[in-house]
K.L.:
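One structure follows; several queries about it will come next.
As the structure is a computational prediction, the values presented were derived from the model and not from experiment.
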Amino acid sequence: KAYACERGDLERFEDSFTKLFGRGGARPSRRDRTPRKGQDKPIKVSLSFDQAVHGAKIDIPLTYVDTCPDCHGSGAKDASSIHTCSTCGGTGYVRTRRQTIFGVTERQEVCPDCGGTGKKVTAKCATCHGQGRVEKKETIFVNIPQGVDTGDRRRIPGKGEVGLNGGPNGDLVLNIEVSPSQTFVRKGADVYTNVSISVSDALLGTAITVPTVNGEAELNVPACTEAGTILKMGKAGITLHNGNKGDEFVTIQVKFPKTLTEEQKDLIQKFGEIENKKPNGIFSWFKTKFGKKK
């Protein structure tokens, strides 16, 4: 069965053939001359743990392309140097006829003389040499809010790639990367740290000075605190930019002496004998450590 080949079918086939094999220009889009926002420009910003916790003001050197301040993107010396393109009559497009394997086809393409702008420049701008854009170097100062963490992003409007056809510039996107702390492990707004105390302090209880993200603070350790006990310090963690504040969790590590005097051994032995008389004594961990040492 034979099928008639419509003209529209031929043009659609020709469009596909052209895209596949690169013959001729693609059909222009209605968006070719529409103002469009420029692409966002991502950069990595490295912060110390302290900068991330408390916020910081950092300087960022930038090199970017922006619209020429003298010709405002036209590329012309002045308004009188801009004329309607005689090739396309200001439309930005031309009609072309081509011989194909299916016959002669006619199509609309971007004007080769004005590049689709519909304008011709007879005298170029001395600042941008007709490009309509200039390279700029600038150092911007950015306020990083308190509580940021790795993976957070901050946007600086208008500092990205230049817009197209007079459209606005894209944004500069700061990708935050925070160096780890040697003192704290961070989980959201909460922080975790370890503190060592002596055996006597673990048994009798004590008040110790511990580091926090805002300086040192006092922590009460209850009597008979076992190694590995985690004590919570409410609202001593990181304050986020929305005002929410985390906690600090302190893991108690008991620091045992490497050697014991005879007097210490005798006292521990006596202590163990008394403790063993209790139905549920807490001395088992201590006895395991020192009970058999003579």
Side-chain angles (χ1 to χ4, degrees), residues 5-43 60-140 155-174:
C5 194
E6 300 290 340
R7 180 179 181 84
D9 296 331
L10 290 175
E11 289 191 352
R12 284 191 292 273
F13 182 86
E14 174 66 15
D15 285 341
S16 300
F17 188 89
T18 299
K19 290 178 181 178
L20 285 173
F21 298 102
R23 294 177 54 193
R27 186 178 299 274
S29 167
R30 289 180 177 271
R31 297 184 61 191
D32 283 346
R33 298 171 65 183
T34 302
R36 280 178 282 169
K37 182 179 179 181
Q39 295 291 322
D40 291 339
K41 182 177 181 180
I43 64 170
I60 302 176
L62 294 177
T63 299
Y64 60 97
V65 176
D66 200 2
T67 302
C68 176
D70 291 341
C71 69
H72 307 291
S74 70
K77 178 181 179 181
D78 49 42
S80 63
S81 302
I82 305 175
H83 303 276
T84 300
C85 176
S86 59
T87 302
C88 64
T91 64
Y93 307 115
V94 293
R95 303 291 298 185
T96 61
R97 294 171 62 87
R98 288 191 300 154
Q99 180 70 44
T100 71
I101 58 176
F102 298 103
V104 177
T105 63
E106 184 177 290
R107 58 186 295 160
Q108 183 175 272
E109 295 180 347
V110 174
C111 176
D113 289 341
C114 68
T117 65
K119 304 291 183 181
K120 290 296 291 289
V121 175
T122 56
K124 296 180 179 180
C125 170
T127 302
C128 65
H129 307 290
Q131 297 299 312
R133 303 177 182 183
V134 291
E135 183 178 88
K136 287 187 175 181
K137 292 185 178 181
E138 178 185 3
T139 297
I140 61 174
R155 283 185 173 270
I156 310 298
K159 298 300 182 181
E161 303 295 341
V162 68
L164 300 177
N165 304 318
N169 287 2
D171 299 335
L172 182 68
V173 181
L174 311 182

K.L.:
Looking at CD of E161 and CG of L172, how far apart are the two atoms once the value is rounded to the nearest 0.5 Å?
P.N.:
10.0 Å

K.L.:
Check G116 against V110 and note the closest heavy-atom contact, atom names and distance.
P.N.:
N-CG1, 3.5 Å

K.L.:
Find the distance between CG (L174) and CD1 (I43) and round it off to the nearest 0.5 Å.
P.N.:
5.0 Å

K.L.:
So do the side chains of K136 and L62 get within less than 4.5 Å of each other, counting heavy atoms only?
P.N.:
no

K.L.:
Kindly write out the residues that satisfy side chain to side chain donor-acceptor pair (under 3.5 Å) with K41, not counting sequence neighbours, or none if the list is empty.
P.N.:
none

K.L.:
Looking at every non-hydrogen atom in both residues, tell me the closest pair between V65 and V162 and how far apart they are.
P.N.:
O-CB, 3.4 Å

K.L.:
Going by side chain to side chain donor-acceptor pair (under 3.5 Å), name the residues that satisfy it together with T84, two or more places apart in sequence or in a different chain.
P.N.:
none

K.L.:
So, using side-chain contact (heavy atoms from CB on, under 4.5 Å) as the criterion, who are the partners of S86 when residues are at least two apart?
P.N.:
none

K.L.:
How close do T139 and P61 get, heavy atom to heavy atom, and via which atoms?
P.N.:
OG1-CA, 4.0 Å

K.L.:
Determine the minimum heavy-atom distance between C85 and D113, stating which atoms define it.
P.N.:
SG-CB, 4.2 Å

K.L.:
Tell me, please, which residues at least two apart from N169 pass side chain to side chain donor-acceptor pair (under 3.5 Å).
P.N.:
D66

K.L.:
Would you please name every residue forming a side-chain contact (heavy atoms from CB on, under 4.5 Å) with E138, sequence neighbours left out?
P.N.:
Y64, I140, K159

K.L.:
Over all heavy atoms of both residues, which pair between V94 and C88 is shortest? Give the atoms and the distance, please.
P.N.:
CG1-CB, 3.9 Å

K.L.:
Begin from the C-alpha positions of T87 and K120 and carry the test side-chain contact (heavy atoms from CB on, under 4.5 Å) through to its verdict.
P.N.:
CA-CA 10 Å; T87 302; K120 290 296 291 289; 5.7 Å; no

K.L.:
Please enumerate all residues that pass side chain to side chain donor-acceptor pair (under 3.5 Å) together with R133, with sequence neighbours excluded.
P.N.:
none

K.L.:
Nearest 0.5 Å, please: how far is CZ in R107 from CZ in R97?
P.N.:
14.0 Å

K.L.:
Ignoring hydrogens, what is the shortest heavy-atom contact between H129 and K124? Give both atom names and the distance.
P.N.:
O-CD, 3.6 Å

K.L.:
Within a reach of under 6.0 Å around NZ of K37, are more than 12 heavy atoms found that belong to other residues, nucleotides or ligands?
P.N.:
yes

K.L.:
Go through it in stages, so that I can follow the logic: the residues are K119 and C114, the test is side-chain contact (heavy atoms from CB on, under 4.5 Å), and I'd like the CA-CA distance, side-chain angles, deciding distance and then a yes or no.
P.N.:
CA-CA 6 Å; K119 304 291 183 181; C114 68; 5.8 Å; no

K.L.:
Write out all pairs satisfying side-chain hydrogen bond (donor to acceptor under 3.5 Å, both in side chains) with one or both partners inside residues 70-79, taking only residues at least two apart or from two chains.
P.N.:
D70-T127, D78-S80, D78-S81

